[in-house]
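What follows is a single structure, written as structure tokens, with notes after it.
Sequence positions, counted from 1, serve as the residue numbers for this chain.
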Amino acid sequence: MTAKQIIEMALAYKGISNSELARRLEWSPQLLNKRMNTGKFSVDEWERIGAALGAKVHIAFEFEDGKVL
């Protein structure tokens with residue numbers, strides 16, 4: 001699943017448009033669309049997107065022995 005697909009599903013779930021998300025992030029709609037198309041977001045940006053959607057973001061590595069980082 002791509003970053004764009006994840007964000008689009010979250011927007012649909014919350015009933016929020018791309019334009020509204022861009023406004024909440026204080027980004028232009030064009031910048032949001034460009035970033036979604038490239039899929040390049042920093043961890044900080046993922047957290048900002050999550051906050052704008054009222055959601056928690058979990059980014060981790062889970063190893064075979066159960067260790068999560």
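Going from atom CG of Leu21 over to atom CD1 of Ile7 covers 7.0 Å, rounded to the nearest 0.5 Å. Within the model, atoms CG of Asp65 and NZ of Lys67 stand 8.5 Å from one another, a figure rounded to the nearest 0.5 Å. Distance check: Phe41 CZ to Ile59 CD1 gives 11.0 Å after rounding to the nearest 0.5 Å.
At a threshold of 4.5 Å between side-chain heavy atoms, the hydrophobic network of Ile, Leu, Val, Met, Phe, Trp and Tyr places Tyr13 and Ile6 in two separate groups.
Contact record, Leu53 with Ala10: CD1-CB, 3.7 Å, taken as the closest heavy-atom pair. Residue Ala52 comes nearest to Leu25 through the heavy atom pair CB-CD2, 4.1 Å, listed as atom of the first residue, atom of the second, then distance. For the pair Gly50 and Val57, the tightest heavy-atom approach, listed with the atom from each and the gap, is CA-CG2, 3.8 Å. Across every non-hydrogen atom of Leu32 and Asn18, the tightest pair is CD2-O, 3.2 Å. His58 approaches Lys56 most closely through the heavy-atom pair NE2-CB, 4.0 Å.
Clustering of Ile, Leu, Val, Met, Phe, Trp and Tyr by side-chain heavy atoms under 4.5 Å joins Val68 with none of the others. Through direct or relayed side-chain contacts under 4.5 Å between Ile, Leu, Val, Met, Phe, Trp and Tyr, Leu69 connects to Phe61, Phe63.
When side chains are defined from C-beta on, Lys4 counts as touching Glu8, because their heavy atoms get closer than 4.5 Å.
Salt-bridge check for Arg35 with Glu45: passed, with a basic side-chain N closer than 4.0 Å to an acidic carboxylate O.
Within the structure, the salt bridge (Lys or Arg N to Asp or Glu O under 4.0 Å) test picks out the following pairs touching residues 17-34 (sequence neighbours left out): Glu20-Arg23, Glu20-Arg24.
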